[in-house]
Structure formats: structure tokens, C-alpha cells
Amino acid sequence: MKRRIPAFPEAPSTSRARVAASILDADLGNLAHAVTRAEREGADRIHLDVMDGHFVPNLTFGPKTIKALRRRTRLPFDAHLMIANPGRFIEEYLDAGCDSVTIHVEIDEPIEPTLRAIRAAGRAAGLCVKPNTPLSALEPYQRLLDIVMVMTVEPGFGGQAFMADVAKAKLLAAREILAHKLHGGEVHVDGGVNRETAELSGSLGVDILVVGSALWHKGRDMGREIRLIRALADEGYQYGLNDGVPPIPRDRMVTFASLPRPLARTLQGEIEGAGIPVLLFRSPEDPADMDDETRRWDLLLPASAEAAARDRFGRRRSALARSAGASSQPA
Ligand code: DX5
Ligand code: ZN
């Protein structure tokens, strides 16, 4: 009898680090199987390496292949375009269903219009630097970036050795380029990531580890490799950057305020305007049968953005709480 395969691993990952599976070294004759397998084995994303034979000395696949793969998995698609003219084809990659598109800063065509097109489509926009390109090359585009991708091998081929010096010089610094994003900015490390190099990458604060060849070795348990890489990256983060404290799992939400609905909606709008997503729920502190207009509503936001929200909206929260208190006092 055929084994039933769950669409998602039973237990959701509670880690901070995320693994994007690069399918470059999968069986290119059966990419549909590669993406469904990566999903089943617990990868968080699919990383799609597009090469044009000009920008890099290798050729892979393009938007039609990505579009065909899109309906085979629910995992997000990160496209990594190692091509000389992304501007010319950007609409095709967006139409193919890429959730993020990262282009290279070393190309000889205008970069800003392409980043703007990606953002206008509601997708995350990224810039990637080759090992010898300084991060300062990204500065003119800083405000347009959701993703900074740092290459720790020369782009073009899977299976190369991780350049630890490049990682140390750039990964922490890449975070500063995204300082304007209160939530959702991502540093990706791409090239040579495996169980030997994941801990160092985590200790340098990366959000997304792109993993290619390490996942596709014959006879290897892909799910275990993914779990090990995530866990090692989280250990690296804990002891390298976080004073020994375990990192906040990426999906954990915290209650930031409890307010009557109109005030809760006001604060929600202001916080979301600054780029932090907010959910509103009926507060369990008030009786279940209490009227929706009088009861308090909880504003929930990602724990990873709590400190930024407190800095920016702490005083506003107190002021709204005071005005809620005043309006509930008898006249
Ligand atoms: C290289 C690609 C990488 C590569 C990663 O040009 O951008 O995504 O496939 O593969 P490994 O993990 O084998 O270095
Ligand atoms: Zn890549």
C-alpha cells in the first residue's frame, strides 16, 4: 500500500532560522518531484537559481519552468536571478508566481526600476552581492530592499566550498542595510551552506539559509539535514548573538495592547503603516458574552517586532489606554 504523505510536516517548525531548498542540484529531469519532496521533508521555501549563460557561465531554467512548478507546492518561491537583463523579463517572473525576486547588483542595467516593479507587484525585492562585491554597492537601493542576499561562493554552480571570510565580513553588516524595516527584512546566505557551516551562519544573524547540494546527496535523509541545519543555525544565533538566550521563533505572536475596538483599529492602522503586521482578536480578559463595541480587543504582533513597536508606539499605546479609561468613567 502506498504511504500517505502529509502535505506539511506534522509539527510546525519553531525555529528562527529558515531553510530555502535550492533545486539546482536536484534531478533536473523531475523538478516537480524535487519541490514536492523538499516540501514533504520540511523545507521552508524553494530557492530557484535562474542562470542565463552570460551573467554566470551556466544555464538553468526560466519563468516557464517556475510557473509550471508553482502549482506543485504551497511553499514560497524565492527566485535568484543570475541574469544580465532582469529588467527585460521581470513581469514574467512575477507572473510565474515568485514570492520574492532577488537580482544582482553587479549587472550593467538600471536596477531601481526592476526593484520597483517587484515591490509594485506586492512581492519581496532583493539584491544579491557576489563574494568580491562590497555591501556598499547596495546603499543607493537600501530603501527598496526587503532582502539582502550574500553569496558565499562564486555564483554559477552548486557544491562549492563556503567562503567563511566573506560570511564574517558581510552577514552581520547586511542586517544594517535592512535597519529601516521594522519587520520582515531578511538576510539570505547562499552557497556552501550545510551542517558544517550553518552554525557560523546563524551566529551572524542570517534569516534564510539557502541549501543546495547538501540536500540532494544520494542516500541522505533530507528532512534530517534540514532540521539539523535549522537547529545549528539557531544554536549559533543563541550563543553568538543572543547572550545564550534561545531565539524567538519566527512565528510567535505577542499581545501588544488591549483597547476598545475603535481605538484598537486606530493603533492597528498606525503600526501597520510602519510595516509591522497586526492581528485583532476579542480579548479573553473580558467576559465572552460582552458586547463587541464595549469589550477590549487585543492587538497581536510578531514577537520579533515587539521591541521596535514599543520604541515607536509605546507612548501612543499609553495615551490611547488613558483615553479608553477616561471614556469608560461615569460622567
Ligand atoms: C549558486 C547558487 C546557489 C547554489 C547553492 O550560484 O546561487 O543557490 O545552488 O548550492 P550549494 O548549497 O550546493 O552551494
Ligand atoms: Zn542561489
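When a residue number appears, it is its place in the shown sequence, counting from 1. One-based numbering, in listed order, for ligands and for the atoms of each.
Of all protein heavy atoms, the one lying nearest to atom 12 (O) of ligand 1 is Gly212 N, 2.9 Å. The protein heavy atom nearest to atom 8 (O) of ligand 1 is Asp190 OD1, 2.6 Å. Of all protein heavy atoms, the one lying nearest to atom 6 (O) of ligand 1 is Gly156 N, 2.8 Å.
Both the sub-6.0 Å distance and the 45° axial angle are not jointly satisfied by Arg310 relative to the ring of Phe256.
Residue contacts with ligand 1 include Phe157, since one of its heavy atoms falls under 4.0 Å from the ligand. Look at Ala214 and you'll find every heavy atom at least 4.0 Å from all atoms of ligand 1.
Test Arg45, Arg18, Arg175 against Glu186 for salt bridge (charged side-chain N to carboxylate O under 4.0 Å, His left out) and you get one pass: Arg45.
The N, O or S atom of His80 lying closest to the Zn ion (ligand 2) is ND1.
For Thr294 and Asp291, the side-chain atoms include at least one donor-acceptor pair closer than 3.5 Å.
For ligand 1, the polar-atom distance check against Met151 finds no nitrogen or oxygen pair separated by under 3.5 Å. Considering backbone and side-chain N/O atoms, Val210 never comes within less than 3.5 Å of an N/O atom of ligand 1. The shortest N or O to N or O distance between Gln160 and ligand 1 is not under 3.5 Å. Residue Asp25 has no N or O atom closer than 3.5 Å to an N or O atom of ligand 1.
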| Going through the distances and angles, do Asp49 and His47 end up as a side chain to side chain donor-acceptor pair (under 3.5 Å)? | CA-CA 6 Å; Asp49 287 306; His47 176 99; 2.9 Å; yes
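Distances from the Zn ion (ligand 2) show that His47 has an N/O/S atom below 2.8 Å.
Between His104 and Phe55, the ring planes are tilted. Angles from 30° to 60° get that label.
Hydrophobic clustering keeps Met149 apart from Val166 (ILVMFWY residues linked when any side-chain heavy atoms are closer than 4.5 Å, directly or through intermediates).
At a 4.0 Å heavy-atom cut-off, ligand 1 touches Ser213 through backbone and side chain alike.
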